[in-house]
Amino acid sequence: MGTASQVKDLLPYRLTVPATDPDSRPCPTQAGVAAVERSNDQVADLLQEYADLIAITGGDAFKVRVYEKAARSVGGYARDISGMGLGELRGIPNVGASIAAKIDEFLHTGAIHQLEELRTKIPAGVRMLTVIPSLGPKKAVTLYEELGIDSIDSLEAAIRAGLLHGLHGFGPKTEENLLHGIELMHKASERVDLGVGMGIAEEIVTALRQVPGCERCVYAGSLRRMKDTVGDIDVLATSREPATLMEAFTRLPSTGEVIAHGDTKTSIRTVAGLQVDLRVVPADSWGAALQYFTGSRAHNIRTREIAVHKKLKLSEYGLFDVATGEKIASTDEADVYGRLGLPWIPPTLREDNGEIEAALRGELPPLVTEDDLRGDLHTHTNLTDGLAPLEEMAAAAAERGYAYLAVTDHAPDLYMQRMTDEKALAQRERIRTLDGNFRGMRLLHGTELNIGPEGTVDWPPEFLAGFDLCVASLHSYFTQSREETTRRLLRACENPHIKIIGHPTARLIGRREPVDADWDAVFTACACTGTALEIDAFPDRLDLPAELARRALGKGVRFAIDSDAHAVPHLANMRYGVGTAQRGWLTTDQVINTWPLDRLLRFLQEGRQ
DNA sequence: GCCGTTTTCGGCCCGACTGTTTTCAGTCG
């Protein structure tokens, strides 16, 4: 979570919609979701944009960094800034007089005039160029000034036309990298990550529920199945006044263009380019419609086949007896499944990956839920690259009802984080002192080690022995061969102090491919050594991915679902980690942070003496 | 532009990597 990843967060859809809504409560049932975008996120986006524009216009690099830092501080600030005065705004870290004034101006007028001025000088497309990996502000401005390139499309055309030949600093390898980056962008822009999709969906659902006549309104589709990326959003509603609801949908602030506008279905594209379908169904079809629109397609085919074998017909309107045409079930999803001879199947399993067979045998797993989590085992504070002090992170974690929290700041090998032995020991002292001050929650002192290219980590065994918990993760050398990466991960597993491998594939959804490793070998090693694999809940990570988690499950591996929080609002990302764990068929027995403290502590101590 | 047990100026995370250079600029984490 550095400045670079902040810059990469500026994908088109991120300009208007935050990845996470820190005010929303974890809520798999979608009841009472409050999902209006926080002013914090809007301001964070504007400050980051300001930083980018200063960089592109060749402004002071330190100033750029300050605005980036301020953007992160505001975005990660626990309190909602709307309504805060100048004095309070200045209390936010990295916000001084000048930035506080800009925020204040935004809160009162909805704009920052200095930003508006910069925007007139640099076309938005030039800033968008920096979203391409390996293309920063310097190269972007060269392209713009020398060749007038002001969009990703015009860049691609220019490369293919050979216009970059001879341009200072742009050799053949750079061209190749740019084309590859553009390709990656195109792939990514077709889908958005779970967090972005959820943000948009909850905002729309919340808005539609306010419309007169609306009775029920939820999102369905791949979002309800918690897929790690979504290509569009399906919203399902019942209403006494369907036309009013449809009309309201087309007029939402987030609606960019109306693609189709009918009696039961309206499709729009948001200003950020994501398609959203709203379907209004009769109230007594609710269950069948929800089942149908949740999918997946493959799962629906299977359920319909089962219906056919029972001389029934299943559609979005209900389950019908073919002979008599009589409606047998439709109002309730569980009822529809029940009449097919199946238990209700959790949406996260509906992929036709064996869930139908398991359901028929009565062997659906009791999936881990967010309520089962007793703690978070991977979090950061402002001692390294987190935003909040230890006390704030602990208070917020206790607020979530956790029984334990591990603070796992980075270790010295990530040089930029400036960790030292002294700092780590001082933090441990602080943690021991504070332990018990947060609703009885147990504070554990951990660290996130860096797994080096040879599989070694930052500290020697005798120093590692002092930590309650060591997480170890890959942060570099992502392009090593499969053999090298596998050996590296195995060596980390064999270190008796390492109990969790953090974000094991190191993928960044839409931006970085997972590392290549012999995963079955890694899973076997994890099972043998008692090393848990993390499911990192950050919506652009979701790592381990669900498919790999399920494979690891078969080998007897344990897991930790962690937020990897770098700020208080990130603690709420847990729901995405839980969704991913469910898609991996995990139950509480395999997830170590659902265990009571004493069982967890035994696990963390095993083999360390 | 922010910050301060180095406090109103002077420093600000800084080293690795890549591709372009011919001694270094730009990007990334």
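Every chain is numbered from 1 and lettered A, B, ... according to where its sequence line falls, protein lines coming before strand lines.
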Of the options [options], whose atoms approach the side-chain atoms of [X] most closely?
X: Arg65(A); options: dG29(B), dC13(B), dA16(B); result: dC13(B)
X: Lys69(A); options: dC13(B), dG1(B), dC3(B); result: dC13(B)
X: Arg418(A); options: dG1(B), dC14(B), dC17(B); result: dC14(B)
X: Phe62(A); options: dG1(B), dC2(B), dA16(B); result: dG1(B)
X: Arg512(A); options: dG29(B), dC14(B), dC2(B); result: dG29(B)

I'd like to check the side chain to side chain donor-acceptor pair (under 3.5 Å) partners of Ser151(A); sequence neighbours left out, ordered by chain and number. Ser154(A)
Show me, pair by pair, the donor-acceptor contacts under 3.5 angstrom made by side chains of residues 90-98 of chain A, not counting sequence neighbours?
{"from": "Asn94(A)", "atom 1": "ND2", "to": "Ser73(A)", "atom 2": "OG", "distance (Å)": "3.0"}
{"from": "Ser98(A)", "atom 1": "OG", "to": "Lys102(A)", "atom 2": "NZ", "distance (Å)": "3.1"}

Under the ring-ring contact (aromatic ring centres under 6.0 Å, His included) rule, what pairs show up with a residue in [range], not counting sequence neighbours?
range: residues 135-168 of chain A; answer: none
range: residues 47-70 of chain A; answer: Tyr50(A)-Tyr67(A)
range: residues 461-482 of chain A; answer: His410(A)-His475(A), His445(A)-Phe467(A), Trp459(A)-Phe463(A), Trp459(A)-Phe467(A), Phe463(A)-Phe467(A), His475(A)-His503(A)

Rounded to whole angstrom units, what separation is found between the OH atom of Tyr50(A) and the P atom of dG1(B)? 7 Å
Close approaches to DNA chain B from [range], in residue order (heavy atom, under 4.0 Å):
range: residues 138-166 of chain A; value: Lys138(A), Lys139(A)
range: residues 98-107 of chain A; value: Ser98(A), Ile99(A)
range: residues 172-181 of chain A; value: Pro172(A), Lys173(A), Thr174(A), Asn177(A)

Name the nucleic acid region contacted by Ala97(A), choosing base, sugar-phosphate or nothing; use a 4.0 angstrom heavy-atom cut-off, strictly under.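 It contacts sugar-phosphate atoms only.
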Categorize Val95(A) for me: base, sugar-phosphate, or nothing, with a 4.0 angstrom heavy-atom threshold over every strand shown.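 The answer is sugar-phosphate, as Val95(A) gets under 4.0 Å only of primed atoms, P, OP1 or OP2.
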Expected list for residues 489-496 of chain A: side-chain donor-acceptor pairs under 3.5 angstrom, two or more places apart:
{"from": "Arg491(A)", "atom 1": "NH1", "to": "Glu454(A)", "atom 2": "O", "distance (Å)": "3.1"}
{"from": "Asn495(A)", "atom 1": "OD1", "to": "His497(A)", "atom 2": "N", "distance (Å)": "3.0"}

Between dC12(B) and dG19(B), how far is it from one C1' atom to the other, in whole Å? 28 Å
Separation of the P atoms in dG26(B) and dT20(B), to the nearest angstrom: 14 Å
Applying the salt bridge (charged side-chain N to carboxylate O under 4.0 Å, His left out) test to Asp468(A), which of Lys499(A), Arg432(A), Arg428(A) qualifies?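 Among Lys499(A), Arg432(A), Arg428(A), the one that satisfies the salt bridge (charged side-chain N to carboxylate O under 4.0 Å, His left out) with Asp468(A) is Arg432(A).
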Does the distance from a Lys or Arg side-chain N to an Asp or Glu carboxylate O, for Arg583(A) and Glu547(A), drop under 4.0 Å?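 Here Arg583(A) does not pair with Glu547(A) in a salt bridge, since their nearest N and O are not under 4.0 Å apart.
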Set of residues satisfying salt bridge (charged side-chain N to carboxylate O under 4.0 Å, His left out) with respect to [X], sequence neighbours excluded:
X: Arg430(A); result: Glu391(A)
X: Asp228(A); result: Arg507(A)
X: Asp421(A); result: none

Using a cut-off of less than 4.0 Å, is there contact between a side-chain N or O of Tyr477(A) and OP1 or OP2 of dC17(B)?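 Yes, such a contact exists.
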If we call it a pair only when both distances are under 3.5 Å in a Watson-Crick or G-U wobble match, what pairs with dT8(B)? none
